[in-house]
Structure formats: structure tokens, C-alpha cells
Amino acid sequence: MISLERITKTYTSRKQSLTAVRDVSLQIERGEIFGLIGYSGAGKSTLLRCINLLERPTQGQVRINGQDMTALGNRELQQARKKIGMIFQHFHLLHSATVAENVAFPLRLAKVPKRIAMEKVHALLDLVGLRGYEKHYPAQLSGGQKQRVAIARALANDPDVLLCDEATSALDPDTTQSILDLLLDIHDRLNLTIVLVTHEMSVIQRVCDRVAVMDHGNIVEIGRVADVFLHPQHDVTRRLLQTENSTSSSPALADVAAPVFEVTFVGDTTYAPVLSEVARATDSTFSILEGTIGTLKDVPYGKLLVAWHGNRRAVTAAISELAARGCGVTEISQDRTTVEV
Amino acid sequence: MFADIVWSEVWQASVDTLYMVGVSTLLSVVIGLPIGVFLYLFSRGHLVRHRVLYEFLSVIVNIFRSVPFIILLIAIIPFTEWVVGTSIGTNAAIVPLVVGAAPFFARLAETALREVDPGVLEAAQAMGASTWQIVFKVLLPEAKAGLISGVTITAVALISYSAMAGVVGGGGLGDLAIRYGYERFQTDVMFVTIVIMIVMVQVMQWIGDKIVASVSRKR
Ligand SMILES: Nc1ncnc2c1ncn2[C@@H]1O[C@H](COP(=O)(O)OP(=O)(O)OP(=O)(O)O)[C@@H](O)[C@H]1O
Ligand SMILES: [Mg+2]
């Protein structure tokens with residue numbers, strides 16, 4: 001659906017040049033919700049804006065539905081952009097226009113007859129839960145409501161793709177949740193492909209199918225959210241995950257007399273009594289040192305730090321049994337480096 | 001006091017002033033607004049950014065703005081003759097008024113346009129708007145309040161510029177004040193014309209503020 005091929009974006013000013021995105025290639029499938037995460041300045045927004053050519057890549061190709069965007073003339077590019085919705089952190093609504101006029105704006109650009117446009121506006125406001133707000137001005141709305149208007153506006157021309165640049169970063173946690181729910185809802189109803197930029201792991205966790213982690217203009221890690229979430233490979237990813245669960249400090253493993261493992265589950269195993277069954281079967285015991293159970297999108301997952309007690313043979317048997325039942329198991333040495341089992 | 005004032009002349013002068021100010025404000029906006037839009041477009045964003053054109057336009061605007069109006073009035077007499085066919089009278093006064101005020105309004109317009117949130121323009125661009133659609137459907141409507149303030153400032157400035165129109169026989173209140181108040185020592189005429197001009201300025205400012213308030217109440 002969206003294919004970025006070796007995208008590089010360099011900003012040159014008189015004094016210096018800065019490469020915001022460095023030779024990035026990326027395929028995003030139709031219907032996917034794809035997340036881009038990274039720290040500030042990593043180049044997420046720049047990469048996202050290369051998709052609709054708000055930033056023209058210095059090198060590389062952008063293909064959407066097979067169409068090479070970088071090769072289009074002005075007119076054709078404007079036409080192609082009508083099928084790519086975009087929403088922003090600060091909404092960017094027309095202050096001088098009402099809610100209805102804002103949503104109708106892309107239809108006006110596309111010269112849709114007024115009566116048809118108005119019907120569409122009403123349907124869209126229904127969809128985002130703002131029926132009755134037609135005559136309000138943006139200044140009279142809360143942040144969450146403004147983002148809903150922006151979403152309705154972005155959907156007006158029935159786009160195939162929705163680009164979201166920190167769409168929830170200016171909102172409180174509850175409002176963030178409701179906007180994410182809305183995004184999931186319209187994604188399912190309209191069969192949209194969504195590309196979402198954020199610096200919050202929790203946003204990725206709640207809505208994305210796949211995620212790419214960016215750092216200094218590069219994609220340093222990419223994969224299914226569950227994989228990246230449960231087995232982060234890159235330092236930046238781990239740091240992003242850590243800030244997310246920074247409520248408790250980690251236990252000192254040096255005090256634990258048994259070998260320690262990180263056990264992860266995804267899907268139905270999460271709720272099954274796997275650990276105790278395995279312990280009983282192998283005549284060993286375990287203690288949980290740390291852990292989280294949650295959901296990634298709709299999929300339950302668990303990530304536990306367990307110390308496994310028993311004789312060497314029983315522990316080995318238990319670990320292979322856990323792996324056989326579909327858990328991910330990694331041994332953690334005392335200095336917290338990981339050892340694949 | 002006031003006994004010797006020829007009120008019909010005061011009336012005629014007031015009408016002349018309003019006529020000159022009205023027509024020259026209108027023309028200054030019509031000419032200055034596009035210049036302001038181009039100054040804005042050439043100077044920022046990546047719509048049609050163009051440094052050289054910006055500097056060129058900017059220098060021209062500055063030249064007109066740095067020439068004192070009384071000198072401009074005389075210096076462009078040949079141009080005035082070419083435009084209205086004569087260099088004296090009310091219509092002849094309008095030409096230098098516009099030449100002086102249009103660049104002034106262009107700068108005010110440029111400033112008002114810069115107040116528009118660039119993010120909104122970007123959103124329009126992302127929706128597939130062309131540059132002209134962005135100018136007419138986003139930039140100008142979003143800058144409406146600032147532009148109207150600019151029109152008010154220009155109109156008020158034109159009241160005082162127009163006082164010098166007497167130099168080319170343009171008539172108006174300023175001319176009346178000089179002819180009677182200064183040349184014939186009739187301070188009462190001077191007094192009356194000043195009061196009328198103050199009232200005009202107040203009324204214009206009041207109207208301008210009302211319009212701005214009604215435009216921005218919605219935000
Ligand atoms: N128009 C521009 N001109 C020059 N440099 C720019 C421009 N836009 C972005 N940059 C630079 O490119 C780098 C990447 O910026 P980008 O906005 O893509 O980061 P980001 O990952 O979205 O960060 P944030 O989370 O802060 O939004 C930064 O160093 C930034 O300063
Ligand atoms: Mg950003």
C-alpha cells in the first residue's frame with residue numbers, strides 16, 4: 001500500500017545541513033495500523049510528512065498504491081493528496097470557520113456540490129460523535145473535540161490512508177483513549193491504512209499492528225508490536241519501554257539464589273495456568289519477581305521475571321516445557337544481561 | 001467667534017475629505033493587498049518562497065514608504081497627470097494618496113498574514129489545496145481580523161495625509177484649515193476643521209473596531 005524506498009531527507013540551510021531521515025525503506029500493508037516511535041528529533045514527523053510529500057525527500061521514492069508520488073506534477077500531487085488524510089498534534093483547524101465548514105473544507109476544495117457536501121458533513125460528524133456541533137467554532141471546543149473535527153475533516157474525501165502526527169500528544173489520558181478508540185473504530189469501518197507517529201509506547205501498544213522504532217533518522221527496529229514489545233532488541237526501544245513502566249524499580253537479582261528467567265506469553269496462554277502446571281510436572285517451584293499482564297491491541301500478553309527453584313535437571317526440563325507450550329523464555333544473568341535459552 | 005464661518009464651505013470640505021479618504025482607502029486596499037500577499041508568499045513557507053523576488057518587492061515598498069508624503073505629492077505630478085488627465089483637484093489628490101498608502105497597507109497586510117498559524121496552511125496543503133486555494137480559502141479568511149485592523153489604520157492615516165491635498169488644489173478639511181486658519185488668521189475655522197477631523201478619526205476607529213470584534217468573537 002505504502003512503500004518507501006531508500007528515503008533520505010536532508011535539510012540544508014546556509015550554515016549547515018542536517019539529515020533528518022537516512023536511507024529508510026519501509027513497506028506498509030493495506031489495512032495495517034503502523035506505528036512510528038522514537039525520541040524527539042528522531043525524524044518521525046519528517047518521515048511521515050514524506051509520505052504525502054509535505055516534505056519532498058532528498059532521495060528515494062514514495063509509492064502509494066503503486067503510484068510513484070515523487071514523480072507527480074503539482075496538479076496530480078494535489079489530487080493524490082485528497083486520498084491521504086492527515087491529522088496533527090495541534091489539530092490545525094480553521095479558526096475562522098465553524099465545525100461544519102471545517103469538515104466541509106476538503107469537499108469545497110474538491111468542488112463537491114454543496115448539498116451533497118452537507119450530507120457528508122452530517123454523516124462524518126455522526127461518525128466522530130459530534131452531531132449538533134455544526135455551528136460551533138473551534139475555540140468553543142475542547143482538545144478532544146477539536147481532534148474529532150480534524151478526524152472528520154481528514155475523512156471527508158474517503159481517503160485510503162490516514163497519517164497521524166502525534167495526534168494524541170496534546171490530550172489528557174482519558175481523551176487520548178477515546179481518540180484512539182475512535183481511530184480503531186474508523187479503521188475497522190472504513191478499511192483505512194493508518195500510519196501513526198508517537199513518542200508514547202502505550203499508544204503503539206493500544207492500536208498498532210506493527211511498529212518501527214526510529215533513532216537519529218534511522219529505523220533501528222521494526223516488527224510486530226508483540227515482538228518488539230516483548231523482545232526489544234535495540235537500546236532505544238528498551239528505554240522507550242522503560243519510561244513507560246517506570247513506577248517500580250527492578251529487584252536486585254544478586255539476592256536471588258535461583259536462576260532467573262524472563263517468561264513472555266501472547267494470546268490465550270496468558271490466562272492459562274501454565275507456570276504452575278509446568279512446575280508441578282517437573283517437580284520444581286518458582287517465584288515471580290516482577291511482571292506485567294496487559295493487552296496489545298486486543299491480544300493479551302504477559303511478561304514475567306521468575307526465579308525457578310529446583311535441581312538443575314528439573315529447571316532445565318521446566319524451561320524447555322515452557323518453551324514447548326509457546327512461552328518465550330530468556331535467562332537473565334545477575335548483571336541483567338540476557339542469555340537466549 | 002464662529003460668526004464668519006462659511007458653513008457651506010466647511011460642509012463641502014468635509015465631503016471632499018470623506019471622498020478622498022474613502023476612494024483612496026479602497027484603492028490602497030485593492031492594490032496593497034495583493035502586494036502584501038506576495039510579500040508574505042515570497043518570504044516564508046514553501047508554497048512559492050522566493051528570496052530574490054521578496055527583496056525586490058520589499059525594496060520597492062520601502063522606497064515609497066520612506067518618501068515623505070508632501071514630497072511624493074509633488075514628485076509624482078507627471079504620473080498623476082497621466083492617470084487622471086490633470087494635476088489639480090480632488091481626483092488628482094487621490095493618486096498620490098494611493099501611491100503613498102498602498103505600500104503602507106501592503107506592509108500591514110503582510111504582518112496580518114504572518115499571524116496566521118502556518119499549521120493551518122499546512123493542513124490545507126495536505127488536503128490537496130492548490131496555492132491559490134490556500135490564499136483565498138485559508139490565508140485571507142484566517143487573517144480577516146488583522147486585515148480589517150489594517151484597513152482602519154490606513155483610513156485614519158489617510159485622513160491626515162489628505163490634509164496636504166490642498167497643495168494640489170485637492171480641497172478638503174486640511175486645505176480649508178490652512179487657507180482660513182493660517183493664511184487669514186481665522187482660528188475659529190481651524191478649530192472647527194480640527195474637531196471634524198477628530199470626530200472622523202474616532203468614528204472610523206470605532207467602526208473598524210466593531211467589525212474586528214464581530215469577526216473575532218467567533219474564535
Ligand atoms: N524544516 C526543517 N528545517 C530544518 N530542520 C528540520 C526541519 N524539520 C525538522 N528538522 C530537523 O530534523 C530532525 C527531525 O525532526 P522531526 O520533526 O522529524 O523529529 P520528530 O521525531 O518528529 O521529533 P518530535 O517528537 O519532536 O516531533 C530534527 O533534528 C529537526 O530539528
Ligand atoms: Mg514530530
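A, B, ... follow the sequence lines: proteins, then strands. Residue 1 opens every chain.
- Pairing each heavy atom of B:K137 with each of A:L94, the nearest pair is O-CD2, 4.5 Å.
- For residues 150-166 of chain A, the interface with chain B (any heavy-atom pair closer than 4.5 Å) comprises A:R153, sorted by residue number.
- B:L121 CG to A:H92 NE2: the interatomic distance, rounded to the nearest 0.5 Å, is 9.5 Å.
- Within 6.0 Å of atom OH in A:Y11, more than 12 heavy atoms from other residues, nucleotides or ligands are found, so the atom counts as buried in its surroundings.
- For chain B, the option among A:K83, A:K82, A:H90 with the highest count of heavy-atom pairs below 4.5 Å is A:K82.
- Taking every heavy atom of both residues into account, A:L93 and B:E142 meet most closely at O-OE1, 4.4 Å.
- Applying the ring pair (Phe, Tyr, Trp, His ring centres under 6.0 Å) criterion to B:F105, with sequence neighbours excluded, gives no partner residue.
- Counting heavy-atom pairs closer than 4.5 Å to chain A, the top-ranked of the candidates B:A126, B:A123, B:A124, B:S130 is B:A126.
- When the ring pair (Phe, Tyr, Trp, His ring centres under 6.0 Å) test is applied to B:F42, the partners found at least two apart in sequence or on another chain are B:F38.
- Residues of residues 100-113 of chain A that come closer than 4.5 Å to chain B, counting heavy atoms only, are A:F105, A:P106, A:R108, A:L109, A:K111, ordered by residue number.
- A 6.0 Å sphere centred on CZ of A:R131 holds no more than 12 heavy atoms belonging to other residues, nucleotides or ligands.
- Around OH of B:Y54, the count of heavy atoms belonging to other residues, nucleotides or ligands within 6.0 Å exceeds 12.
- Within a 6.0 Å sphere centred on CG of B:L27, heavy atoms belonging to other residues, nucleotides or ligands number more than 12.
- When all heavy atoms of B:E122 and A:R49 are compared, the pair lying nearest together is OE2-NH1, 2.6 Å.
- When side chains are defined from C-beta on, A:R81 counts as touching B:Q125, because their heavy atoms get closer than 4.5 Å.
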